[in-house]
Visitor: 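Would you mind keeping the following structure in view while I ask a few things?
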There are 2 protein chains.
Amino acid sequence: MNTGKRLAHRPVDQAKQDAILASARDEFFEYGFESASIERIAAAANVSKVTIYNHFQNKENLFSAMVGSECRIMRGNLPEMSDEEMPLRTELVNFAQAMMEFLSSPDIIRFDRRMAAEVERHPELGELFLNAGPRLMQKMLIEMLACEMEKGKLAKANPQEAAAHLFGSVKGFADVEWRFSDPKKAAASVTTASLEAAIDRFLLAYST
Amino acid sequence: MNTGKRLAHRPVDQAKQDAILASARDEFFEYGFESASIERIAAAANVSKVTIYNHFQNKENLFSAMVGSECRIMRGNLPEMSDEEMPLRTELVNFAQAMMEFLSSPDIIRFDRRMAAEVERHPELGELFLNAGPRLMQKMLIEMLACEMEKGKLAKANPQEAAAHLFGSVKGFADVEWRFSDPKKAAASVTTASLEAAIDRFLLAYST
DNA sequence: GTTTAATTAAACGCTACCGTCCAATAAGTG
DNA sequence: CACTTATTGGACGGTAGCGTTTAATTAAAC
């Protein structure tokens, strides 16, 4: 009796799978879904085209798998709340800083730019992305603010709204510039000072 | 002697030019630059392929011309400040409302989604878009707030920063949802109440 | 060493599009 | 009318990619 494993076979080469997904990411992000070439992906991954088709059936599946994989990675890299007790302002500044650094990183911007276009043809991947990134960050922020309201450090208010105000104020016009201009130039425009100014205005608006 | 006009010729059919640009917009926005088909554009515009090449030389030029044309249109549709005197809060709410309606319109979202992707390959078009839309709106807001600060209705502060805070607070998380989820669903989430809440917090943070 | 499945290289038929060329026609001006 | 230019349809060579097939090779399990 065997335990469900097939008995004699050559196992899948996991390294190749990873290489395929990585090449697929580069190719799809560079050219977009429609004009990405599976043959280039295969070549870049040092893999036969047939191997790709064996595992992913077609372009759609490969793209979905790639996006899923990238979402998992992004999820793991999300900025986290620190556990230590610290003054509210410090806590907010730290979070805002981590958030802006994350959002302005080249990988995220590339992901953002390309996914925005592909969502029209792949709506379900838009939801996947939202749930793996933006909505998670939103939830973290909401809980954090709700907690501070509970503790009386912030005026009682709708934490969902407060999170939107904080998040939005900190971003300001920056994200638009990131998306449509040279990210390097745009990223430089976010200074610690401008970030702290946003936090301070927020604290003023939500002071007890 | 003639005035620079050539004397005997068949004039360009302007209606055809417009049809070409309109079809180009639909095609490029639907498929992206790389996999848009000039032959489909020609067919959709009821025009011969040669006519397109006569006027736009190649795909790049056609794309640029289309984006330029769309930017001109967008510029004309930007929400404007009303001239009438009215209470500050009313003024801000009106502007915010117009802004959100503009930003969440299907045309703008489509434009935004596609341009984000194409900017990597056409950086100059990103600048064109920024200057025709976002940066203009930013400038309007800055001037408006600077003016109110001058009048003493708002606390003296950096108007550039204040504009970022106002703009960001009003948008909140909405634009992310617009871009990656079904715009119809997402647009519904922006209520007058949430909009007024943002304005009121802003007024609190910048009260004199 | 035998068996089984993973992987490969090469080629195939098919479809699509780019950018160009040509000969024919249409629509205005003088 | 004659003239000039815009526009057309069709065809062309060249490139490129998809998804499939085939026959051969490889790597592990037994």
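Below, chains carry the letters A, B, ... as their sequence lines are ordered, and counting in each starts from 1. Values below: every heavy atom of this structure, side chains too, minus hydrogens, waters and symmetry copies.
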Visitor: When you check the phosphate oxygens OP1 and OP2 of C:dA6, does a side-chain N or O of A:H55 lie under 4.0 Å from one of them?
Guide: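 No, A:H55 has no side-chain N/O under 4.0 Å of OP1/OP2 on C:dA6.
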Visitor: When you measure from the side chain of A:N131 to the backbone N and O of A:E127, does any donor-acceptor pair fall under 3.5 Å?
Guide: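 Yes, A:N131 side chain to A:E127 backbone: donor-acceptor pair under 3.5 Å.
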Visitor: Under 4.0 Å, heavy atoms only, any strand: does A:D13 hit a base, just the sugar-phosphate, or nothing?
Guide: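 Sugar-phosphate only.
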Visitor: Distance under 6.0 Å and angle within 45° of the ring axis: does B:R113 meet both against B:F180?
Guide: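 Cation-pi check for B:R113 and B:F180: fails.
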Visitor: Nearest-Å distance, CD (A:Q14) to P (D:dA27)?
Guide: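 For the pair A:Q14 CD and D:dA27 P, the rounded distance is 18 Å.
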Visitor: Testing the basics here: between A:L128 and A:G68, what is the closest heavy-atom pair and its distance to 0.1 Å?
Guide: CD2-CA, 3.9 Å
Visitor: Using whole Å, what does the distance between atom C1' of nucleotide C:dT20 and atom CZ of B:F56 come to?
Guide: 18 Å
Visitor: Rounded to the nearest Å, what distance is computed from the CG atom of residue B:L62 to the C1' atom of nucleotide C:dG19?
Guide: 14 Å
Visitor: Determine, for B:F173 and A:R135, whether the Lys NZ or Arg CZ falls below 6.0 Å from the six-membered ring centre while staying within 45 degrees of the axis.
Guide: no
Visitor: Round to a whole Å and report the spacing from NZ of A:K16 to C1' of D:dT25.
Guide: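 Answer to the nearest Å: 13 Å.
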Visitor: How many whole angstroms separate atom CG of B:N46 from atom C1' of D:dT8?
Guide: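 It is 12 Å, rounded to the nearest whole Å.
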Visitor: How are the rings of B:Y206 and B:H165 set relative to one another: parallel (under 30°), tilted (30 to 60°) or perpendicular (over 60°)?
Guide: tilted
Visitor: What integer distance in Å separates B:F63:CZ from C:dC18:P?
Guide: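 Answer to the nearest Å: 14 Å.
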Visitor: Which letter, B, S or -, goes with each nucleotide of nucleotides 14-20 of chain D from 5' to 3', with contact meaning a protein heavy atom under 4.0 Å?
Guide: ---SBBB
Visitor: How are the rings of B:F111 and B:F29 set relative to one another: parallel (under 30°), tilted (30 to 60°) or perpendicular (over 60°)?
Guide: perpendicular
Visitor: Taking atom C1' of D:dA6 as reference, at what distance in whole Å does atom CD1 of B:I52 sit?
Guide: 14 Å
